[in-house]
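Count residues from 1 along the sequence.
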Amino acid sequence: MLKKVHHIAIICSDYEVSKHFYTAILGLEIIQEIYRKERNSYKLDLALNGEYIIELFSFPTPLERVSRPEATGLRHLAFQVDNIEVAIEKLSSFDIATEPIRIDDTTKKRFTFFADPDNLPIELYEA
């Protein structure tokens with residue numbers, strides 16, 4: 001069912017510091033940078049070896065994770081699938097509920113979310 005990790009989304013507390021870290025220090029390439037005026041936030045798409053891998057988000061006052069300090073910054077994990085209905089059906093067979101299918105405004109691709117046992121959001125993103 002799962003093919004590969006589609007992307008990792010990270011919410012940062014200081015956008016410029018994190019942008020510098022991921023690009024200048026770790027060497028990830030900038031695919032696109034979008035300022036979302038209505039949210040007063042940035043979305044930075046980053047690639048590793050030419051492959052899209054990280055969405056770096058900023059928000060004016062991001063909330064701290066209350067569960068564990070090492071979880072701070074993790075937004076969700078996303079896995080690419082060929083067919084979202086087949087993947088949802090497989091999850092349903094294990095009594096795992098998913099959210100209604102949504103459409104990505106930018107790519108027009110379909111996606112949904114479900115939670116792991118610790119309530120970590122996991123996304124299925126249709127290829």
Any donor-acceptor N/O pair, [X] side chain to [Y] backbone, under 3.5 Å:
X	Y	result
E29	G50	yes
E126	I84	yes
S58	S41	no

Ring-plane angle category for [X] and [Y], please: parallel below 30°, perpendicular beyond 60°, tilted otherwise.
X	Y	result
F59	F57	parallel
Y125	H7	perpendicular
H6	Y52	perpendicular

Approximate separation, where rounding is to 0.5 Å, of [X] [atom1] and [Y] [atom2]:
X	Y	atom1	atom2	answer
D45	L28	CG	CG	11.5 Å
Y35	N40	OH	CG	3.5 Å
R110	D104	CZ	CG	13.0 Å
K43	I11	NZ	CD1	12.5 Å
L26	I54	CG	CD1	7.5 Å
I88	T98	CD1	OG1	4.0 Å

Step through the shown structure and confirm whether more than 12 heavy atoms of other residues, nucleotides or ligands are within 6.0 Å of CD on E33.
yes

Within the supplied structure, the quantity of interest is the number of heavy atoms (other residues, nucleotides, ligands) at a distance under 6.0 Å from R39 CZ; does it exceed 12?
no

Do [X] and [Y] sit in one hydrophobic cluster, given that two such residues count as connected whenever their side-chain heavy atoms are within less than 4.5 Å of each other, even indirectly?
X	Y	value
I53	V5	yes
L2	I96	yes
F94	F79	yes
I25	Y22	yes

Non-hydrogen side-chain atoms of I30 and L46 separated by less than 4.5 Å:
yes

Where is the tightest heavy-atom contact between [X] and [Y], given as atom of each residue plus distance?
X	Y	value
L124	L91	CD1-CD1, 3.6 Å
V81	A87	CG1-CB, 4.1 Å
V86	N83	N-OD1, 3.0 Å

Salt bridge present between R102 and E123 (N-O < 4.0 angstrom):
no

Identify the residue among I10, T23, L56, L44 that makes a side chain to side chain contact (heavy atoms under 4.5 Å, CB included) with S18.
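Going through I10, T23, L56, L44 one by one, the side chain to side chain contact (heavy atoms under 4.5 Å, CB included) with S18 is satisfied by L56 alone.
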
